[in-house]
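I have placed the structure first, in the form of structure tokens, so that the comments after it can refer back to it.
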Amino acid sequence: GGLSTSQDAGITWNTIINNLPLTQYVNFDVTQQNPNYIFGGSQDNGISGTTDGGTSWDQYIGGDGGGVSINPGNPLNVFVTCGDFFNSGILFRRFSTTDAGQNWLDINSGILNSGQWYTKIRTDEVAPPVLFSNCGPYVYQSNNSGIDWFGLNANAFAYELLNLDVSVSTSPHAVIYASLNANPPTSNQKLKVYETSTWDERSTGLPSYQNVRSVTPHPTNTLIAYACMNGFSAGQKIF
């Protein structure tokens with residue numbers, strides 16, 4: 001994962017000179033308030049971030065980094081998912097920091113451990129944010145910065161989630177898109193959408209032989225969204 005140095009026999013480590021291009025980012029986020037604050041989760045290289053627009057980077061939690069979301073009202077407050085199995089004995093967990101990564105708090109209470117890697121964590125883009133995260137075939141919500149989580153789908157989806165995407169907050173809540181990782185892909189278990197108070201299957205018009213890789217909601221009009229299809233096969237990819 002690159003090069004780090006220690007001047008106190010390993011008590012603390014410095015990554016300032018770590019310029020080896022070995023990082024494979026899974027997710028990253030840039031704060032709305034100050035674009036100099038950027039945090040990302042990467043395969044094998046945990047969570048890293050910069051508070052000066054990329055002039056210098058620091059690595060925080062080790063293992064495999066996954067989802068990252070920054071509090072839209074506070075750039076020091078970052079929410080992540082990370083494979084901290086070296087310390088906790090459990091695979092992917094959720095953590096938060098209120099001081100830009102100097103200290104981290106475990107915020108995994110209420111979430112079932114399925115062993116799924118590279119889970120996501122999203123906000124509804126308002127302050128204070130409502131958080132959403134996935135684990136296995138479930139979607140979870142937290143209204144108190146991750147201190148407690150509760151499931152949004154009482155019954156498990158047919159497959160684990162490939163991705164989780166959330167629109168800006170609207171009435172009665174943000175629109176949530178759960179992309180399912182069916183193997184092989186199916187025509188009727190592809191994209192679950194939580195718009196009112198129920199989950200609806202909304203795959204009409206999407207190719208049956210591909211899964212939905214990600215959904216990008218429109219930044220202001222929550223009725224509009226863009227779906228990117230998964231896979232290497234030829235054909236239409238963006239809907």
Is it the case that [X] and [Y] place a side-chain donor and acceptor less than 3.5 Å from each other?
| X | Y | answer |
| --- | --- | --- |
| S133 | R122 | no |
| D8 | S6 | yes |
| N144 | S142 | yes |
| T97 | Q102 | no |
| Y118 | D64 | yes |

Hydrophobic side-chain clustering at under 4.5 Å (ILVMFWY, transitive links): who's grouped with I38? Put none if nobody.
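Members besides I38, by chain and number: Y25, F28, V30, W57.
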
SB check R93 D106 (cutoff 4.0 Å):
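Salt bridge between R93 and D106, a charged N being under 4.0 Å from a carboxylate O: yes.
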
Ionic contact status for K190 with E201, cut-off 4.0 Å
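Salt bridge flag = no for K190 with E201.
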
Are any non-hydrogen side-chain atoms of [X] and [Y] less than 4.5 angstrom apart?
| X | Y | answer |
| --- | --- | --- |
| V80 | W104 | yes |
| F132 | L164 | yes |
| V130 | T123 | no |
| Y60 | D58 | yes |
| I47 | C82 | yes |

Only one of D165, N163, V215 clears side chain to side chain contact (heavy atoms under 4.5 Å, CB included) with L191; which?
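Going through the options one by one, the only one that passes is V215.
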
Side chain to side chain contact (heavy atoms under 4.5 Å, CB included) partner of Q141, chosen from L152, V166, L131
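The residue from L152, V166, L131 that satisfies side chain to side chain contact (heavy atoms under 4.5 Å, CB included) with Q141 turns out to be L152.
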
Decide side chain to side chain contact (heavy atoms under 4.5 Å, CB included) for T51 and N36; before the verdict, give the C-alpha distance in whole Å, the side-chain angles of both, and the deciding distance to 0.1 Å.
CA-CA 5 Å; T51 59; N36 287 326; over 6 Å; no

For N230, side-chain hydrogen bond (donor to acceptor under 3.5 Å, both in side chains) partners two or more places apart:
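With neighbours one apart ignored, the set is empty.
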
Using every non-hydrogen atom in the two residues, find where F79 and S96 come nearest and quote the distance to one decimal.
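In this case the closest contact between F79 and S96 is CD2-CB, 3.7 Å.
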
Tell me if a side-chain donor or acceptor on N153 pairs with a main-chain N or O of A156 at a distance below 3.5 Å.
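No; judged by distance alone, with no hydrogens or angles, the pair does not exist.
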
Any donor-acceptor pair under 3.5 Å from S169 side chain to A174 backbone
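Not a single qualifying donor-acceptor pair exists.
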
Atom CG of N155: over 12 foreign heavy atoms under 6.0 Å:
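Counting neighbours around CG of N155, 12 or fewer heavy atoms of other residues, nucleotides or ligands fall under 6.0 Å, so no.
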
Could you walk me through whether Y194 and W199 pass ring pair (Phe, Tyr, Trp, His ring centres under 6.0 Å), step by step?
CA-CA 5 Å; Y194 191 81; W199 289 95; 5.0 Å; yes

